[in-house]
Amino acid sequence: MIEYTHWSMKLLLWIGVPMFFVIGPINCLFGGYAAGEDHLSYLSFGNVENGSALYGMHAVVIWYVIVTVRNAVYNGMSEFLPRRFHWLRTLSEIRSQTILVENIPEEHQTEKGLADFWKQLLPHATINSTYIAKDTATLLKLIAVKDAAATSLQQAETEHAESGERPMFRESFFGERVDAIEHWQKKTEEAKDQVKAERDRINEDAKTGGGVNSSSGFVTFASTSDAKLALQLTGISHESDAWGLYSPPCPNDIRWDDLTQDDTAQGFRTVVGYLCVVGLYFAYMPIVIGVTNIAKVVDMGPMQSLWEGLAPTMGLQLMVAFLPTFLVLIFRKFFTLRADAFAQHKLQVWYFWFQIVFVVLATAVGQNVRGFMQTLLEKPFAIFGVMAKTMPYATHFY
């Protein structure tokens with residue numbers, strides 16, 4: 001992301017500086033003042049009158065922008081690819097030799113069943129290990145109880161060492177006081193026994209499909225080439241949604257709760273997630289307009305003029321700044337993400353389209369998002385006429 005920011009700054013330098021210091025003054029002095037009283041448009045194409053000789057110049061400028069962006073993209077990729085190859089070569093062995101498997105059929109949802117399937121599918125490959133993601137919600141709660149008891153025991157022992165007196169503890173508001181060290185030692189041992197019993201139950205239940213076993217897992221091969229070959233396999237099942245194969249994310253970034261969730265719940269949450277994103281899309285413009293008009297509702301008395309000048313801009317910036325946060329919250333809450341980094345990837349995709357509609361097409365959309373979308377759906381080619389009429393008069397905005 002840092003390199004992409006540097007790339008964007010260089011591109012802005014090569015395009016923005018000539019536009020501002022060369023093309024802008026030419027539009028202002030020789031455009032014919034088509035912008036009228038719109039002084040902000042004096043430097044933009046909106047100040048060029050119809051039939052002006054500057055149209056030919058702007059055709060050349062457009063090709064300059066196209067060639068500059070094309071060269072910048074190719075140069076950026078030529079600098080990025082060596083770093084990408086270096087990163088791939090320096091991956092840890094276990095990650096480069098492992099594949100993530102999703103939507104495993106129930107008959108193969110055990111470590112042995114998963115290994116047997118891949119041995120039959122790739123008989124020449126050596127499989128080091130297989131692992132099925134398991135539902136450990138109860139175990140995690142017991143571990144949390146054990147850790148809390150151990151922490152309380154440590155605090156009680158520290159207090160005893162500092163004061164020389166054994167601390168006392170009351171189990172309930174009306175309960176009798178007991179020795180804190182003995183109490184937390186007992187609680188810690190009980191929690192350890194419960195954790196061990198739950199682990200034994202999970203290990204026993206994991207020997208059969210279903211139960212604690214989820215439909216996601218990992219297969220680790222003896223060589224990287226076998227893992228890459230496995231990732232390229234397609235059509236390994238007559239069920240189109242079975243056996244999803246992916247490169248594994250960074251181990252400390254894996255979202256285990258998402259990997260172990262029920263498939264039916266996963267589908268329902270995904271639908272709700274898309275509805276939330278669409279709802280945010282249609283509510284974004286009304287919210288921005290409402291926030292920018294807040295100065296008309298709140299009376300600040302003697303400070304009203306300052307309030308009217310600052311409040312709309314501050315409100316707009318607040319909404320624009322929090323839009324990525326809203327999107328990430330939706331992705332993490334409703335979408336199934338193999339790793340937390342996948343939320344950033346989804347954010348890049350969706351935020352890009354938000355920027356296209358509400359920044360690039362802002363002048364065409366105006367304040368009527370619903371009307372713009374209706375026109376786009378009923379007469380798709382009408383968008384070119386709408387953009388041709390509105391965008392030239394707002395080029396100073398970009």
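Numbers here simply count residues along the sequence, with the first being 1. The structure displayed is predicted, hence computed values, not measured ones.
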Heavy atoms from other residues, nucleotides or ligands near [atom1] of [X] exceed 12 (cutoff 6.0 Å):
| X | atom1 | value |
| --- | --- | --- |
| Glu93 | CD | no |
| Phe30 | CZ | no |
| Phe20 | CZ | no |
| Phe322 | CZ | no |
| Gln154 | CD | no |
| Trp14 | CH2 | no |
| Glu165 | CD | no |
| Trp256 | CH2 | yes |

Using the side chain to side chain donor-acceptor pair (under 3.5 Å) rule, collect all pairs that involve [range], keeping only residues at least two apart or in two chains.
| range | result |
| --- | --- |
| residues 25-37 | Asn27-His58 |
| residues 113-129 | Lys112-Asp116 |
| residues 265-277 | Gln261-Arg269 |
| residues 209-227 | Ser96-Thr224, Thr98-Thr220, Ser215-Asp263, Ser223-Ser225, Ser223-Asp226 |

Salt bridge check, [Y] against [X]: does any charged N sit closer than 4.0 Å to a carboxylate O?
| X | Y | value |
| --- | --- | --- |
| Glu204 | Arg201 | no |
| Arg338 | Asp258 | no |
| Glu111 | Lys134 | yes |

Are [Y] and [X] linked, directly or through intermediate hydrophobic residues, by side-chain heavy-atom contacts shorter than 4.5 Å (ILVMFWY only)?
| X | Y | value |
| --- | --- | --- |
| Leu91 | Val219 | no |
| Ile132 | Leu139 | no |
| Trp184 | Met168 | no |
| Phe352 | Leu327 | yes |
| Leu88 | Tyr246 | no |

Residues sharing Val60's hydrophobic cluster, by side-chain heavy-atom contacts under 4.5 Å among ILVMFWY, directly or via others?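 When side chains under 4.5 Å apart are linked, Val60 ends up in no cluster with other residues.
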So which heavy atom on [X] is nearest to which on [Y], and how close?
| X | Y | value |
| --- | --- | --- |
| Gly273 | Phe334 | CA-CB, 3.5 Å |
| Ile202 | Val212 | O-CG2, 3.9 Å |
| Thr260 | Ala133 | CG2-CB, 3.8 Å |
| Leu259 | Glu102 | CD2-OE2, 3.8 Å |
| Leu13 | Pro18 | O-CD, 3.7 Å |
| Pro249 | Arg95 | C-NH2, 3.6 Å |

Kindly assign one of parallel, tilted or perpendicular to the pair Phe331 and Trp350, based on the angle between their ring planes and the thresholds 30° and 60°. tilted
Just by distance, do the side chain of [X] and the backbone of [Y] share a donor-acceptor pair under 3.5 Å?
| X | Y | answer |
| --- | --- | --- |
| Arg255 | Arg332 | yes |
| Ser52 | Val48 | no |
| Asn47 | Leu43 | no |

Does Asp179 have any salt bridge (Lys or Arg N to Asp or Glu O under 4.0 Å) partners at least two apart in sequence or in another chain, and if so, which?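 Scan of Asp179 (salt bridge (Lys or Arg N to Asp or Glu O under 4.0 Å), adjacent residues dropped) gives Arg166.
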Centroid-to-centroid, Phe80 to Trp7, below 6.0 Å?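 Between Trp7 and Phe80, which both carry aromatic rings, the centre distance is not below 6.0 Å.
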Are Tyr55 and Phe45 close enough that their ring centers fall under 6.0 Å?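 Ring centroids of Tyr55 and Phe45 are less than 6.0 Å from each other.
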Would Arg70 pass as a cation-pi partner of Tyr74, given that its NZ or CZ must be under 6.0 Å from the six-membered ring centre and within 45 degrees of the axis? yes
Drop me the distance from [X]'s [atom1] to [Y]'s [atom2], to the nearest 0.5 angstrom.
| X | Y | atom1 | atom2 | result |
| --- | --- | --- | --- | --- |
| Leu100 | Leu245 | CG | CG | 8.5 Å |
| Leu280 | Leu275 | CG | CG | 12.5 Å |
| Phe342 | Asp253 | CZ | CG | 8.5 Å |
| His6 | Glu79 | NE2 | CD | 12.0 Å |
| Lys187 | Lys192 | NZ | NZ | 15.5 Å |
| Glu107 | Gln109 | CD | CD | 8.0 Å |

Verdict with reasoning, Val272 to Lys333, per side-chain contact (heavy atoms from CB on, under 4.5 Å): CA-CA 10 Å; Val272 174; Lys333 181 66 177 178; over 6 Å; no
Under the side-chain contact (heavy atoms from CB on, under 4.5 Å) criterion, do Thr130 and Val101 qualify, and how do the steps go? CA-CA 10 Å; Thr130 57; Val101 186; over 6 Å; no
Just so I know, are the side chains of Ile254 and Phe218 near enough to count as touching, which here means a heavy-atom distance under 4.5 Å?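 Of all side-chain heavy-atom pairs linking Phe218 with Ile254, at least one is under 4.5 Å.
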Report yes if some heavy atom in the side chain of Gln194 is under 4.5 Å from a heavy atom in the side chain of Arg199; otherwise report no.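 In short, these two side chains do not touch, never coming nearer than 4.5 Å.
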Could you point out which residue of Phe326, Tyr281, Phe282 forms a ring-ring contact (aromatic ring centres under 6.0 Å, His included) with Phe354?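 Exactly one option meets the ring-ring contact (aromatic ring centres under 6.0 Å, His included) with Phe354, and it is Tyr281.
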Report the C-alpha separation of Glu239 and Asn103 in whole Å, then their side-chain angles, then the decisive distance to 0.1 Å, and conclude whether the side-chain contact (heavy atoms from CB on, under 4.5 Å) test is met. CA-CA 10 Å; Glu239 300 179 15; Asn103 302 323; over 6 Å; no
Could you go through Phe335 and Ile330, starting from their C-alpha distance and side-chain angles, then the distance that decides it, and tell me whether this counts as side-chain contact (heavy atoms from CB on, under 4.5 Å)? CA-CA 7 Å; Phe335 287 83; Ile330 292 174; 4.2 Å; yes
